[in-house]
Amino acid sequence: MKISPSVLSADFTKLTQELQALEKGGADYIHVDVMDGRFVPNITIGPFIVEAIKRATAVPLDVHLMIEEPERYIDDFAKAGSSIITVHVEATRHLHKVVQAIKGHGLKAGVTLNPGTPVVMLEPIMDDADLILVMSVNPGFSGQGFIPGSLKKIAEVRRMIEATGRAIELQVDGGIKTSNIKEVAAAGADVFVSGSGVFSTPDYGKTIAELKKQAQSGR
Ligand code: DX5
Ligand code: ZN
């Protein structure tokens with residue numbers, strides 16, 4: 001059970017302290033939400049900031065690209081220090097090629113789906129992906145509510161992963177909190193992104209520990 005706090009909810013005026021608190025608090029990954037104002041309405045972080053985050057923490061960076069044609073920027077985000085790069089199936093016409101490009105940098109390749117996209121889109125890439133991310137909100141903003149129908153989708157992806165016999169991580173992103181992580185884990189997820197669920201609490205370490213405990217109890 002891994003927790004990947006999303007820095008989108010952090011206080012960017014004190015990013016170093018925020019990252020140190022996450023690292024000390026037991027974060028397994030740091031989730032970095034990259035948005036281009038095209039694939040999603042919001043604009044957030046580019047490779048320059050990812051590189052700064054990399055210098056401020058030893059925790060592996062889990063970089064979620066919500067950008068059109070992510071193939072244009074794989075080299076930049078790899079050089080910036082990503083450990084995982086996740087791309088949307090809706091954002092590229094060349095999913096297999098993008099995944100190979102990410103793996104070519106020696107990184108873990110993640111593939112993700114918007115809430116309105118069926119899991120069948122993942123089938124051709126199950127032999128190559130290292131991580132599947134099920135979006136449980138429509139990407140673009142933190143602080144949205146978990147879409148209940150995501151649970152069924154998570155269970156379906158879990159079955160697809162089992163069928164491959166490969167150790168693919170199953171990540172869920174959007175609206176995850178200590179109050180609902182148990183059912184998300186029970187559906188089959190093992191990596192949990194949480195933005196507001198961590199950063200709206202006073203003690204990140206305590207919240208991360210509680211998230212892990214609740215997730216474990218859902219297994
Ligand atoms: C949504 C982002 C999420 C978001 C999560 O577009 O991909 O990672 O920051 O934030 P919460 O946990 O607040 O929904
Ligand atoms: Zn994300």
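Just follow the structure's listing: the first ligand is 1, and inside any ligand the first atom is 1. Keep in mind that this is a model prediction, so the values were computed, not measured.
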Student: Is there at least one pair of N or O atoms, one from D33 and one from ligand 1, spaced under 3.5 Å apart?
Tutor: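 Between D33 and ligand 1, an N or O pair is found under 3.5 Å apart.
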Student: Against heavy atoms of G143, which atoms of ligand 1 measure under 4.0 Å?
Tutor: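 Atoms satisfying the 4.0 Å criterion: 11 (P), 13 (O), 14 (O).
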Student: Tell me which N, O or S atom from D173 is the closest to the Zn ion (ligand 2).
Tutor: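 Going through the N, O and S atoms of D173 one by one, OD2 ends up nearest to the Zn ion (ligand 2).
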Student: Between the side chains of S4 and D62, does any donor sit under 3.5 Å from an acceptor?
Tutor: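 A donor-acceptor contact under 3.5 Å links the two side chains.
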Student: For R219, look at atom CZ and say whether over 12 heavy atoms of other residues, nucleotides or ligands are found less than 6.0 Å away.
Tutor: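 Enclosed.
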Student: N/O to N/O below 3.5 Å, does that happen between H64 and ligand 1?
Tutor: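 So ligand 1 has an N or O lying under 3.5 Å from an N or O of H64.
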Student: Identify the closest protein heavy atom to atom 1 (C) of ligand 1: which residue and atom is it, and at what distance?
Tutor: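 I find the closest protein heavy atom is F141 O, 3.6 Å.
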Student: Checking D33 against S6 for the side chain to side chain donor-acceptor pair (under 3.5 Å) test, could you report, in this order, the C-alpha distance in whole Å, the side-chain angles of both residues, the deciding distance, and whether it holds?
Tutor: CA-CA 7 Å; D33 287 306; S6 163; 2.7 Å; yes
Student: So which atom in G197 and which in T201 form the shortest heavy-atom distance, rounded to 0.1 Å?
Tutor: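 Scanning both residues completely, I find the closest heavy atoms to be O-CG2, 3.6 Å.
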Student: Would K108 and E169 pass as an ion pair if we require N to O under 4.0 Å?
Tutor: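 Between E169 and K108 there is a salt bridge, with a charged N closer than 4.0 Å to a carboxylate O.
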Student: Could you check atom 3 (C) of ligand 1 against the protein and tell me its nearest heavy-atom contact, residue, atom and distance included?
Tutor: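 The protein heavy atom lying closest is D173 OD1, 2.9 Å.
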Student: Surrounding OH of Y73 (heavy atoms of other residues, nucleotides or ligands, distance under 6.0 Å), is the total greater than 12?
Tutor: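 No, OH of Y73 has 12 or fewer neighbouring heavy atoms, counting only those of other groups under 6.0 Å.
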Student: What pair of heavy atoms forms the shortest contact from P118 to L113, and how long is it?
Tutor: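 Where P118 meets L113 most closely, the heavy atoms are O-CD2, 3.8 Å.
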Student: Under 3.5 Å, sequence neighbours excluded: what are the donor-acceptor pairs made by side chains of residues 175-186?
Tutor:
from	atom 1	to	atom 2	distance (Å)
K177	NZ	S196	OG	3.2
N180	OD1	K177	N	2.8
N180	ND2	G175	O	2.9

Student: The Zn ion (ligand 2) is nearest to which N, O or S atom of H64?
Tutor: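 The Zn ion (ligand 2) is closest to the H64 atom ND1, counting only N, O or S.
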Student: Is any side-chain N of the basic residue among R166 and D127 closer than 4.0 Å to the acidic one's carboxylate O?
Tutor: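 No, no charged N to carboxylate O under 4.0 Å.
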Student: Check this for me - ligand 1, S9, N or O atoms closer than 3.5 angstrom, yes or no?
Tutor: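 Looking only at distances, the answer is no, because the N/O contact criterion of under 3.5 Å is not met.
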Student: Mark the output for G140 as yes if a heavy-atom distance to ligand 1 is under 4.0 Å, and as no if none is.
Tutor: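 Under 4.0 Å: yes for G140.
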Student: Which ligand 1 atoms, with their elements, are less than 4.0 angstrom from a heavy-atom of S194?
Tutor: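 Listed by number with element: 12 (O).
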Student: Heavy-atom contacts with H31 under 4.0 Å: which atoms of ligand 1 show up? List them by number with element.
Tutor: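 Ligand 1 atoms under the 4.0 Å threshold to H31: 8 (O).
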Student: Using a cut-off of 6.0 Å, state whether more than 12 heavy atoms not belonging to F48 lie near its atom CZ.
Tutor: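 Atom CZ in F48 is not crowded, with 12 or fewer foreign heavy atoms closer than 6.0 Å.
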Student: Which of the N/O/S atoms in D33 sits closest to the Zn ion (ligand 2)?
Tutor: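 The atom in question is OD1.
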Student: Which ligand 1 atoms does S196 reach within 4.0 Å, using its non-hydrogen atoms?
Tutor: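 Selected atoms, number and element: 11 (P), 12 (O), 13 (O).
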Student: Contact between K177 and ligand 1, counting heavy atoms under 4.0 Å?
Tutor: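 No, K177 has no heavy atoms under 4.0 Å from ligand 1.
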Student: Could you check atom 10 (O) of ligand 1 against the protein and tell me its nearest heavy-atom contact, residue, atom and distance included?
Tutor: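 The answer is S142 CB, 3.2 Å.
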Student: Need the ligand 1 atom indices (1-based, order shown) with element for anything under 4.0 Å from a heavy-atom of M35.
Tutor: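 Those of ligand 1 that fall under 4.0 Å from M35 are 6 (O).
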Student: Just jot down the ligand 1 atoms closer than 4.0 angstrom to any heavy atom of G174, in number order.
Tutor: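 Answer, ordered by atom number: 14 (O).
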Student: Output the list of atoms in ligand 1 that are nearer than 4.0 Å to some heavy atom of L8, sorted by atom number.
Tutor: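 It comes down to these atoms of ligand 1: 9 (O).
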Student: N/O to N/O below 3.5 Å, does that happen between G175 and ligand 1?
Tutor: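 Looking only at distances, the answer is yes, because the N/O contact criterion of under 3.5 Å is met.
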Student: Mark up the atoms of ligand 1 that fall under 4.0 Å of a heavy atom belonging to M66, in ascending order.
Tutor: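 What qualifies from ligand 1 is 6 (O), 7 (O).
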Student: Looking only at distance, does M135 have an N or O less than 3.5 Å from an N or O of ligand 1?
Tutor: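 Among all N and O atoms of M135, none is under 3.5 Å from an N or O of ligand 1.
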Student: So with a 6.0 Å cut-off around CE of M121, is the heavy-atom count from everything else above 12?
Tutor: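 Not more than 12 within 6.0 Å, no.
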Student: Once you measure the plane-to-plane angle for F39 and H88, does it fall in the parallel (<30°), tilted (30-60°) or perpendicular (>60°) bin?
Tutor: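 F39 vs H88 ring planes: tilted.
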Student: Going by distance alone, is a donor N or O of one side chain under 3.5 Å from an acceptor N or O of the other, for Q144 and N138?
Tutor: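 Side-chain D/A pair, Q144 to N138: absent.
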Student: Give the residue, atom name and distance (to 0.1 Å) of the protein heavy atom nearest atom 12 (O) of ligand 1.
Tutor: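 Going by distance alone, atom 12 (O) of ligand 1 is nearest to G195 N, 2.7 Å.
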